[in-house]
Amino acid sequence: MGKGNGKTIAFLTLGCKLNYAETSTYERGFVEAGLQVVPWNQCADVYLVNTCSVTATSDAKSRNIVRKVLRVNPSAIVVVTGCSAQLRPGDYRGIPGVARVFGCGEKSLVVPETLGLISQYSSPDPDVQRKENPDGDVFAAWSSGERTRSFLKVQDGCNNFCAYCTVPYARGHSRNVPIAQCVENARKAAQQGVKEIVLTGVNTGDFGRSTGESFLDLLKALNEVEGIERLRISSIEPNLITEEIVDWIAGGTKFQPHFHIPLQTGTDEQLAAMGRRYDTALFASRIDYIRNAMQAPGKPLVFFGIDVMVGLPGETPQQFERTRAFLQERVRPAFIHVFPYSRRPGTPAWGMPGQVPEAVKKERVAILEELCRQLHDEFVEANHGIPERVLWESTQHDGFMEGYTGNYIRMRRPFEPGLCGQITDVTL
């Protein structure tokens, strides 16, 4: 049975797809060691909480979840990892009952040291236990447990240090998983019946910093993995998605007409103030290039998901209106992921003048969320009558099953078990 000794373990994950891929990788390690995975509210023997620190709310939610699982089972072994644990380890060590806090440079220690705690012995090297440098070797990860898709971690960390962001402090400098290991993990996912891979990273397009390999070479290698029928890039900076990459994808590959590209703000002065590495002209030109390369009459339109942050320091009503107009009149994405700016201690934006009141941020979020609904409805209508393919998911909702087209339109049909994990033709 191994070191797990038949104990039960529960996982709670906050934040991004990268966290979910990492938690899934921990889970496979614990299962191999003999632990049984149970829901968090079933009084597990061990809890692993993978935290997020993207906003102050994320930090607070992470701490609250740790306290909640300790109320469910005060005698449980609780270990904490993730970005909030890296940036604020003392907050978690100060919670009675937390057995171990793992920094982002200690991901490879999570499974063996937790197994050691279960067996009632600690790490033989206390200096290793206290190491919290997030710039070590990148922890390779991929998500499993779902038959349809897997989130494949290919990169970690970021060198940009945008004025509002804590991620480089939490996850360290940009580094990547070698292409050979990415391909091997994709093959493992395919062996489990996964049909779709979603590439994930903190700054995915910056792939190659630590191995000298190129992002395009990674895409080409993953495109050849047998059993994987669809590929997506979860997020890529506009200045890193080159014409060469777009041309190759458009030339007939497994990569779907779906791009998630962060904008953050639609004014050049704020982009510069926040340390972003592009302007609105470059952003718009990338959108135009992708559409021209990949769209044609009778073919699915490209789905663009755009990240936007409202209420950045100094954002005036006029600047917000320019951002709204840029989205509605120039970019016209299929989806807008709207965030209110959250002040993060230790970042340059924390002390910038012109902090926007929370009530104003809330109003601006609501305006862009309404615009998102409008643009998404228009995108779906514009695809009406076009042939597409849907990867059906195994979850049942009131007798129905759902799935996504290649260009990320959610479809619904009566549940049919034989279709789970299958790709079928549809007309939108």
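The first residue in the sequence is number 1, and the count goes up from there.
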Checklist entry - Which is it for His173 and Phe161 under the ring pair (Phe, Tyr, Trp, His ring centres under 6.0 Å) test, yes or no, and what are the steps along the way? => result CA-CA 9 Å; His173 289 288; Phe161 289 90; 5.7 Å; yes
How far apart are the closest heavy atoms of [X] and [Y], and which atoms are they?
X: Asn19; Y: Thr51; result: ND2-O, 3.0 Å
X: Arg389; Y: Val426; result: N-CG2, 4.4 Å
X: Glu237; Y: Pro262; result: OE2-CG, 3.2 Å
X: Leu327; Y: Leu371; result: CB-CD2, 4.1 Å
X: Val246; Y: Ala293; result: CG1-CB, 3.8 Å
X: Ile179; Y: Ala221; result: CG2-CB, 3.7 Å

Could you check whether [X] pairs with [Y] (Lys NZ or Arg NE/NH1/NH2 to Asp/Glu carboxylate O, under 4.0 Å)?
X: Lys361; Y: Glu315; answer: no
X: Glu22; Y: Arg171; answer: yes
X: Arg413; Y: Glu402; answer: no
X: Arg286; Y: Glu243; answer: no
X: Asp206; Y: Arg175; answer: no
X: Arg322; Y: Glu269; answer: yes
X: Glu229; Y: Lys254; answer: no

Please determine, by modelled atom types, if [X] and [Y] share a side-chain donor-acceptor pair under 3.5 angstrom.
X: Tyr92; Y: Ser84; value: yes
X: Thr424; Y: Trp392; value: yes
X: Thr395; Y: Glu393; value: no
X: Ser53; Y: Ser58; value: no
X: Asp268; Y: Tyr278; value: no

Between [Y] and [X], is there a side-chain heavy-atom distance shorter than 4.5 Å?
X: Pro414; Y: Met401; answer: no
X: Phe259; Y: Met294; answer: yes
X: Ile241; Y: Ile290; answer: yes
X: Pro387; Y: Asp425; answer: no
X: Lys299; Y: Ile386; answer: no
X: Val72; Y: Trp40; answer: yes
X: Pro340; Y: Lys362; answer: no
X: Asp307; Y: Gln264; answer: yes

Checklist entry - Any chance CD of Gln374 has more than 12 other-residue heavy atoms, nucleotides or ligands included, within less than 6.0 Å? => result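 Yes, the 6.0 Å shell around CD holds more than 12 heavy atoms from other groups.
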Next on the checklist: Is it true that, when you exclude His397 itself, more than 12 heavy atoms of the residues, nucleotides or ligands shown sit nearer than 6.0 Å to its NE2?
Outcome noted: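 Enclosed.
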Item to check | Arg28 NZ/CZ over Trp142 ring centroid, <6.0 Å and within 45° of normal | outcome: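 Flagged: Arg28 positioned over aromatic ring of Trp142.
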Item to check | Trace of the ring pair (Phe, Tyr, Trp, His ring centres under 6.0 Å) decision for Phe339 with Tyr164 | outcome: CA-CA 12 Å; Phe339 303 84; Tyr164 52 80; 9.7 Å; no
Next on the checklist: Under the criterion side chain to side chain donor-acceptor pair (under 3.5 Å), I'd like the reasoning laid out for Gln155 against Ser174: C-alpha separation, chi angles, the key distance, then a yes or no.
Outcome noted: CA-CA 7 Å; Gln155 184 274 342; Ser174 179; 3.1 Å; yes
Could you tell me the separation between the [atom1] atom of [X] and the [atom2] atom of [Y], rounded to the nearest 0.5 Å?
X: Arg373; Y: Ile336; atom1: CZ; atom2: CD1; result: 10.5 Å
X: Asn176; Y: Lys153; atom1: CG; atom2: NZ; result: 11.0 Å
X: Lys17; Y: Thr204; atom1: NZ; atom2: OG1; result: 10.0 Å
X: Met352; Y: Leu312; atom1: CE; atom2: CG; result: 9.0 Å
X: Asn407; Y: Leu428; atom1: CG; atom2: CG; result: 6.5 Å
X: Ser150; Y: Asn185; atom1: OG; atom2: CG; result: 8.5 Å

Checklist entry - With respect to Gln328, which candidate in Arg330, Arg332, Arg324 satisfies the side-chain hydrogen bond (donor to acceptor under 3.5 Å, both in side chains) definition? => result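 Checked Arg330, Arg332, Arg324 against Gln328; only one passes side-chain hydrogen bond (donor to acceptor under 3.5 Å, both in side chains): Arg324.
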Item to check | From Thr23, Thr13, Thr81, residue fulfilling side-chain hydrogen bond (donor to acceptor under 3.5 Å, both in side chains) relative to Asn50 | outcome: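 The single option meeting the side-chain hydrogen bond (donor to acceptor under 3.5 Å, both in side chains) with Asn50 is Thr23.
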Item to check | Proximity of Phe379 and Phe303 rings by center, below 6.0 Å | outcome: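 Under 6.0 Å, so yes.
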Next on the checklist: Could you walk me through whether Thr265 and Phe320 satisfy the side chain to side chain contact (heavy atoms under 4.5 Å, CB included) test, starting with their C-alpha distance in whole Å, then the side-chain angles of each, then the deciding distance to 0.1 Å, before giving a yes or no?
Outcome noted: CA-CA 8 Å; Thr265 176; Phe320 171 72; over 6 Å; no
Next on the checklist: Walk me through whether Thr347 and Tyr169 qualify under side chain to side chain contact (heavy atoms under 4.5 Å, CB included).
Outcome noted: CA-CA 9 Å; Thr347 62; Tyr169 309 102; 4.3 Å; yes
Next on the checklist: Please determine whether salt bridge (charged side-chain N to carboxylate O under 4.0 Å, His left out) holds for the pair Glu226 and Arg187, giving the CA-CA distance in whole Å, both sets of side-chain angles, and the decisive distance to 0.1 Å.
Outcome noted: CA-CA 7 Å; Glu226 293 185 9; Arg187 286 175 178 155; over 6 Å; no
Give the ring-plane orientation class for [X] versus [Y], where under 30° counts as parallel, over 60° as perpendicular and anything between as tilted.
X: Phe11; Y: Phe30; result: tilted
X: Phe215; Y: Phe207; result: tilted
X: Tyr404; Y: Tyr408; result: parallel

Next on the checklist: Would Arg100 and Glu113 count as a salt bridge (charged side-chain N to carboxylate O under 4.0 Å, His left out) here? Give the steps.
Outcome noted: CA-CA 9 Å; Arg100 178 71 161 88; Glu113 288 202 6; 2.9 Å; yes
Next on the checklist: Show, in sequence, the C-alpha distance, side-chain angles and deciding distance for Thr200 and Ser234, and conclude whether the side chain to side chain donor-acceptor pair (under 3.5 Å) test is met.
Outcome noted: CA-CA 6 Å; Thr200 65; Ser234 65; 5.4 Å; no
Item to check | Asn223 vs Leu231, side chain to side chain contact (heavy atoms under 4.5 Å, CB included): CA-CA, chis, key distance, verdict | outcome: CA-CA 8 Å; Asn223 196 62; Leu231 290 154; 4.1 Å; yes
Item to check | Derivation of the side chain to side chain contact (heavy atoms under 4.5 Å, CB included) call for Phe102 and Leu109 | outcome: CA-CA 8 Å; Phe102 293 94; Leu109 303 178; 4.1 Å; yes
